[in-house]
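Notes for the one structure printed next.
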Amino acid sequence: MSLVRGEYYFFQHNKLPQSGNEVQRRAYQVIKELNILNDLSRYTPTLCGTIPISIDVKGSDLDIILEVYDLKVLKDEVYSLYGNLDGFVLRELVVRSVPTIVSNFHFRGFEFELFAQPSPVQQQNAYRHMIIENHLLLKNPHIRSKIISLKEKGIKTEPAFAQVFELTGDPYDELLILGREIGRIN
């Protein structure tokens, strides 16, 4: 089951999904148990990536993007909330000229990745890529197995889409260009 039109509703609003594949239902339970959506609610936590659009493979992580303007405050909160979990790391980076915090940790069989930038989640590339990818999957259902096959071979999601759609150049940028051309993003 692909989460379409309101696809992120149950992750953003803490509602039990009525449907969803096994990984999505398990992810929901783990997210709920960790209480991450409530703990970080002021940062508009939004699940992105492959699990919401059903192109995850073994080992896919739960990517949660955040809108944050005081990086130090978020760093302190993330350390306090998740610093004791297995594999915890927190890094400050600059991603495409934007100050960013990335934190990874493991909980109940899932790897989590928190990705925080000072911009609304709907304007962050992870969200925009997912919106475009979901649209492409809905319009071209035959590509789902191709994308998953490429991912199983170790190719990242955006490069897999770029390969399937024969996009040249930087796959992350080209996917955004395609998204604008098809009217899925501004």
Side-chain angles (χ1 to χ4, degrees), residues 2-20 23-56 60-85 88-108 110-135 137-138 157-158 172-173 175-176 179-180 183-186:
S2 179
L3 303 170
V4 199
R5 295 186 77 98
E7 55 266 8
Y8 321 109
Y9 179 82
F10 69 80
F11 289 106
Q12 288 182 320
H13 300 283
N14 207 20
K15 303 284 184 197
L16 182 62
Q18 299 302 309
S19 59
V23 174
Q24 290 168 337
R25 289 190 309 270
R26 208 173 48 126
Y28 169 80
Q29 291 300 330
V30 169
I31 288 168
K32 187 175 178 181
E33 182 180 348
L34 187 59
N35 201 39
I36 196 165
L37 299 184
N38 290 327
D39 290 341
L40 299 176
S41 64
R42 69 184 175 144
Y43 304 111
T44 319
T46 303
L47 182 67
C48 287
T50 60
I51 291 173
I53 60 174
S54 300
I55 55 169
D56 51 294
S60 289
D61 60 3
L62 294 170
D63 297 311
I64 297 178
I65 62 172
L66 307 164
E67 174 183 354
V68 61
Y69 297 94
D70 189 335
L71 299 177
K72 181 173 178 0
V73 169
L74 178 70
K75 275 177 50 178
D76 293 344
E77 283 185 60
V78 169
Y79 272 119
S80 175
L81 291 165
Y82 314 113
N84 64 329
L85 296 176
F88 179 85
V89 268
L90 188 141
R91 301 173 306 286
E92 287 186 70
L93 319 163
V94 176
V95 176
R96 297 185 182 245
S97 303
V98 179
T100 305
I101 289 180
V102 178
S103 182
N104 299 80
F105 52 86
H106 297 270
F107 184 74
R108 301 278 192 253
F110 281 99
E111 180 177 351
F112 281 75
E113 180 170 282
L114 305 181
F115 187 92
Q117 290 188 320
S119 63
V121 293
Q122 296 85 356
Q123 293 176 12
Q124 293 183 33
N125 284 344
Y127 184 87
R128 294 160 43 125
H129 286 152
M130 182 178 61
I131 295 299
I132 297 162
E133 292 158 0
N134 189 54
H135 176 80
L137 290 164
L138 292 172
T157 305
E158 288 79 358
Y172 298 88
D173 291 337
L175 198 57
L176 294 174
R180 286 184 198 94
R184 295 308 299 164
I185 62 169
N186 297 328

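Because only heavy atoms are used, hydrogens play no part in the values below, and waters and symmetry mates are left out as well, while side chains stay in. These figures come from a predicted structure and were not determined experimentally.
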Identified side chain to side chain contact (heavy atoms under 4.5 Å, CB included) counterpart of Pro52 within the set Leu62, Leu47, Asn134, Thr46: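 Output: one option passes, namely Leu47.
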How many angstroms lie between [atom1] in [X] and [atom2] in [Y], if you round to the nearest 0.5 Å?
{"X": "Asn104", "Y": "Phe112", "atom1": "CG", "atom2": "CZ", "result": "11.5 Å"}
{"X": "Ile185", "Y": "Asn125", "atom1": "CD1", "atom2": "CG", "result": "8.0 Å"}
{"X": "Leu37", "Y": "Ile64", "atom1": "CG", "atom2": "CD1", "result": "6.0 Å"}
{"X": "Glu158", "Y": "Met130", "atom1": "CD", "atom2": "CE", "result": "11.0 Å"}
{"X": "His129", "Y": "Thr157", "atom1": "NE2", "atom2": "OG1", "result": "10.5 Å"}
{"X": "Ile53", "Y": "Ile132", "atom1": "CD1", "atom2": "CD1", "result": "10.5 Å"}

Qualifying residues under salt bridge (Lys or Arg N to Asp or Glu O under 4.0 Å), relative to Arg108, sequence neighbours excluded: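 In terms of salt bridge (Lys or Arg N to Asp or Glu O under 4.0 Å), with neighbours along the sequence ignored, Arg108 is linked to Glu33.
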Tell me, do [X] and [Y] make a side-chain contact under 4.5 Å, heavy atoms counted?
{"X": "Tyr82", "Y": "Asp39", "result": "yes"}
{"X": "Ile36", "Y": "Leu114", "result": "yes"}
{"X": "Ile31", "Y": "Phe110", "result": "no"}
{"X": "Arg96", "Y": "Gln117", "result": "no"}
{"X": "Asn84", "Y": "Phe105", "result": "no"}
{"X": "Asp63", "Y": "Phe115", "result": "no"}
{"X": "Arg180", "Y": "Arg128", "result": "yes"}
{"X": "Leu81", "Y": "Leu40", "result": "yes"}

Expected output: side-chain Ser103 to main-chain Val89 donor-acceptor under 3.5 Å: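 Judged by distance alone, yes, a pair lies under 3.5 Å.
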Under 3.5 Å: donor-acceptor pair, side chain of Glu133, backbone of Gly49: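 Absent.
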Heavy atoms from other residues, nucleotides or ligands near CG of Asp70 exceed 12 (cutoff 6.0 Å):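 Yes, CG of Asp70 has more than 12 neighbouring heavy atoms, counting only those of other groups under 6.0 Å.
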Shortest non-hydrogen contact from [X] toward [Y]:
{"X": "Asp56", "Y": "Ile51", "answer": "CB-CG1, 3.6 Å"}
{"X": "Pro99", "Y": "Pro118", "answer": "O-CD, 3.2 Å"}
{"X": "Gln24", "Y": "Ser54", "answer": "NE2-OG, 3.1 Å"}
{"X": "Val78", "Y": "Phe88", "answer": "CG1-CE1, 3.8 Å"}
{"X": "Gln122", "Y": "Tyr127", "answer": "CA-CD2, 3.5 Å"}

Audit row: Leu85, His106, side chain to side chain contact (heavy atoms under 4.5 Å, CB included) steps and yes/no: CA-CA 6 Å; Leu85 296 176; His106 297 270; over 6 Å; no
